[in-house]
Structures are given as C-alpha cells and as structure tokens.
Number of protein chains: 2
Amino acid sequence: MLMKESKTGYEIKKLLEDVFSNFYSSSYGTIYPTLARMEKEGLITKENVQQEGKPNKNLLNITDKGRDSFNAYLLAPLEADSIKKSDFMMRLYFGEFVGYDKVILWLKQVQEESQHKLDQLLEQYSLYKDEMHPAQIICIQIGIEEYKAKLKIIAEGLSNMEQLVLTK
Amino acid sequence: MLMKESKTGYEIKKLLEDVFSNFYSSSYGTIYPTLARMEKEGLITKENVQQEGKPNKNLLNITDKGRDSFNAYLLAPLEADSIKKSDFMMRLYFGEFVGYDKVILWLKQVQEESQHKLDQLLEQYSLYKDEMHPAQIICIQIGIEEYKAKLKIIAEGLSNMEQLVLTK
DNA sequence: TCCGGCATGTAATCAGTTACATGATTTC
DNA sequence: GAAATCATGTAACTGATTACATGCCGGA
C-alpha cells in the first residue's frame with residue numbers, strides 16, 4: 001500500500017476495512033505490531049509529522065529493501081486461500097432441524113447484508129473503474145459476481161421456501 | 001453431526017474436509033480437544049468400540065443436554081461470517097506491479113483449482129440432491145453458483161489479458 | 001517395501017481478536 | 001451532551017495450525 005505514497009497505520013486500517021474487506025481482515029492489534037516489525041526489519045521507515053488540532057501521526061515510507069521484499073512476494077508462488085467460516089452456510093446445512101420460518105429469517109438477513117455489500121462494491125466500481133488496472137477490475141468484478149450469484153440463489157430459495165410454508 | 005447417528009472424531013474430521021470444507025476448516029488439533037471439552041460439559045458421551053484389524057474407536061453420542069444446546073444455538077442470532085483471506089485476490093489488487101504474464105499465470109492457477117472445487121460440488125449435488133433438505137440444497141447451490149461466477153470472470157479476464165499481451 | 005487408510009491424541013507455536021488507554025476536535 | 005473522527009499503541013486472551021507420537025492392515 002506504500003508503493004505509490006506514504007501512509008499512516010490509521011490510513012492502512014481504513015483501506016483494509018474498505019476496499020480490502022472482501023478478501024482480508026485486520027485490526028489494530030495486528031497492524032501496529034506488524035508495522036513495528038517491518039520497521040525493525042528495515043522494510044519501512046517512520047516519519048513523525050506534527051499536526052494541529054489532531055494527534056501527531058507517523059507517516060510510513062517504504063524503503064528500497066521494502067520494495068525488493070514486496071516484489072519477491074509477488075513472484076513467489078500463490079498461497080492457498082484460507083476458508084471463510086460461515087455460520088449462515090453452516091445453519092443452512094442443518095436447516096432440517098429448524099422450521100422453514102427460521103430458515104426464511106436467516107435467508108432474509110443474509111440477503112440484506114449481501115445486497116448492502118454488493119451495493120458498496122458496485123459504487124466503488126463505478127467510481128474508480130476508469131483509473132483501475134485490468135487486474136484490479138477482475139478483482140472487483142469477482143466480488144461483484146459472487147455476491148450476485150449468492151443473492152440469486154437466496155431469492156430463489158426464499159420463494160421456494162415461502163411456497164413450502166403455504167402448501168404445508 | 002451427531003443428531004442422526006453417532007460418529008467418531010475421525011469421521012467428523014472427514015466430513016469437515018468434505019461437505020463442510022466450503023464454509024468451515026478444521027484440524028485434529030481443534031477437533032479432539034473440542035470433543036473432550038464437550039464430553040466434560042455433558043453434551044456428548046464416548047463409547048469405546050473394539051475393532052479387529054483396525055485401531056479401537058470412540059463412538060460419540062449426543063446427549064439430551066447436547067441436543068438442547070444444539071437447538072439453542074440454532075435459535076440464537078446468526079453470527080457474522082469471518083472473512084476469507086485470499087492471497088489471489090490480494091495479488092490481483094496489486095497486479096499493476098507485475099507483468100500481465102504473471103497475472104495470467106495466477107488466473108490460470110485459480111481457474112484450475114476453482115473448476116476442481118466446482119466439479120466436486122456438482123458431483124455431490126447430483127449424488128445427494130434427492131435426499132437433501134431444501135435448506136441444504138440452497139447451501140450447496142450457493143457454493144456452486146459462487147464458483148461459477150468466479151470462473152466466468154476469470155475466463156473473461158483471461159481473454160482480455162491475453163488480448164492486452166498481444167496488442168502490446 | 002513403502003504408502004495410504006484407519007484412529008486418537010498432544011505440545012509447541014503462531015496468529016488473531018478484543019478491549020483498553022490516551023486525548024483533542026468536530027459533528028449530531 | 002454524546003458520539004464519531006483522528007491517531008497510536010499494548011496486554012490478555014482465544015483460537016488455530018503444524019508436527020509429532022503410536023501402530024496395525026492392505027494394496028501397489
């Protein structure tokens with residue numbers, strides 16, 4: 001994230017919560033210790049910047065060693081994705097042990113959340129697609145289409161379930 | 001998993017690797033300690049079964065207290081999904097720092113893996129769909145359609161990328 | 001002969017979250 | 001007056017992975 005311009009830990013956190021939130025998670029408890037380790041290893045340097053009305057900040061700059069390390073990472077073999085643990089999917093799997101009404105509730109809840117996530121991605125896409133690299137476009141499109149697919153099945157499942165409730 | 005019939009820790013592990021692998025991960029290092037804790041809490045009982053030619057096994061049975069606990073879980077609010085960390089998506093996001101050829105390599109690799117996962121899900125679906133509960137069908141269909149969506153974008157992305165390589 | 005399957009379990013390690021502490025400023 | 005934003009960081013805890021130990025059987 002520092003390849004193009006320097007950032008603070010706080011800004012990195014916001015980026016992770018925003019664009020990266022679809023395939024990465026984090027918290028201050030990992031970010032700041034990692035940053036400290038990276039400084040110790042000479043991958044980044046900290047530059048203290050005084051501010052008025054706001055707390056001082058540490059602007060992080062990437063070093064040449066840091067650039068080398070990042071490039072080496074990009075050339076290294078792809079790491080396997082870690083599985084997303086989904087309580088929703090788990091419950092669907094055990095849906096036979098609850099009533100249809102409960103399953104419908106779960107579906108509606110996840111439908112709403114997924115729609116919200118999709119809307120966010122679509123907005124990001126329309127805002128930035130002109131300045132995005134082709135690979136980034138693929139990245140965001142995968143997110144978009146995965147949510148659309150999920151929402152499609154949820155909608156179909158809901159109408160089937162609601163039919164089942166009526167005919168019972 | 002014990003609601004319908006008793007199982008061993010080993011069988012639970014296999015199930016987690018198989019059907020549940022799309023939305024849950026695990027290892028012996030979590031399974032056996034969890035099982036031990038559940039026995040201590042009175043949610044399950046262990047029944048030692050002698051076997052010939054094979055090591056003895058501990059058949060796990062759910063208790064009434066265990067059933068109550070499971071039902072209480074199903075009635076409790078849905079827990080948020082934990083994010084899937086994806087090295088592939090992360091690299092796509094930073095694709096501008098490598099050549100198109102490298103991005104194409106990543107895409108092809110994930111294409112193959114995803115196709116394999118999709119084939120597995122489709123096979124499971126065709127084998128068991130007649131005996132599956134409607135909610136389970138939704139669960140497996142979400143997995144199937146998500147992989148299809150991912151593969152669709154990867155295929156589109158690949159042909160765009162290959163075009164870009166040629167015209168450069 | 002070696003590998004995979006059956007079967008249970010532990011120990012060391014690593015990674016991650018949550019909650020806190022601090023404190024000024026701006027917005028509702 | 002409360003809450004959110006800016007901003008950095010730590011400590012305690014929880015959770016998970018990895019690798020190992022054990023050992024027999026059947027098949028390539």
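The chains referred to below are lettered A, B, ... by the order of the sequence lines, with proteins before strands, and numbering in each begins at 1. All heavy atoms count here, side chains included; hydrogens, waters and symmetry mates do not. All figures in this text were calculated on a predicted structure; none of them were measured in a lab.
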Which of parallel (below 30°), tilted (30 to 60°) and perpendicular (above 60°) describes B:Phe94 and A:Phe20? parallel
Distance from B:Gln51 atom CD to B:Lys57 atom NZ, nearest 0.5 Å? 4.5 Å
Could you work out, with ring-ring contact (aromatic ring centres under 6.0 Å, His included) as the rule, every residue matching A:Tyr147, not counting sequence neighbours? none
Heavy atoms from other residues, nucleotides or ligands near CD of B:Glu41 exceed 12 (cutoff 6.0 Å): yes
Quick check: are there more than 12 heavy atoms from other residues, nucleotides or ligands sitting under 6.0 Å from CG of B:Asn48? yes
Pairing donors with acceptors under 3.5 angstrom, does anything connect the side chains of A:Glu156 and A:Asn160? no
Using only heavy-atom distances, determine whether the side chains of B:Asn61 and B:Glu47 contain a donor-acceptor pair under 3.5 Å. yes
[atom1] of [X] versus [atom2] of [N]: gap in Å, rounded?
| X | N | atom1 | atom2 | result |
| --- | --- | --- | --- | --- |
| A:Ile83 | D:dT17 | CD1 | P | 9 Å |
| B:Tyr32 | C:dT8 | OH | C1' | 5 Å |
| B:Lys84 | D:dA16 | NZ | P | 18 Å |
| B:Lys14 | C:dA7 | NZ | P | 7 Å |
| A:Ile31 | D:dT10 | CD1 | C1' | 14 Å |
| A:Glu47 | D:dT8 | CD | P | 12 Å |
| A:Lys7 | D:dC6 | NZ | C1' | 17 Å |
| A:Asp81 | D:dT17 | CG | P | 15 Å |

Give me, pair by pair, the N or O atoms of the protein and of nucleotides 24-27 of chain D that are less than 3.5 Å apart, along with how far apart they are.
residue : atom : partner : partner atom : Å
D:dC25  : O4'  : B:Gly53 : O            : 3.4

Nearest-nucleotide comparison on DNA chain C, the residue closer to the 5′ end among B:Asn56 and B:Pro33: B:Asn56
Find out whether the Lys NZ or Arg CZ of A:Arg67 is both under 6.0 angstrom from the six-membered ring centre of B:Phe97 and within 45° of the ring's axis. no
Quick one: does NZ or CZ of A:Arg91 land under 6.0 Å from the six-membered ring centre of B:Tyr73, within 45 degrees of the ring axis? yes
If the cut-off is 4.0 Å, is [X] near the phosphate of [N], judged by side-chain N/O to OP1 or OP2?
| X | N | value |
| --- | --- | --- |
| A:Tyr10 | D:dT8 | no |
| B:Gln51 | C:dA7 | yes |
| A:Asn48 | D:dT8 | no |

Report, as a single string ordered 5' to 3', how protein heavy atoms within less than 4.0 Å touch nucleotides 12-22 of chain C: B base, S sugar-phosphate only, - not at all. ----SBB----
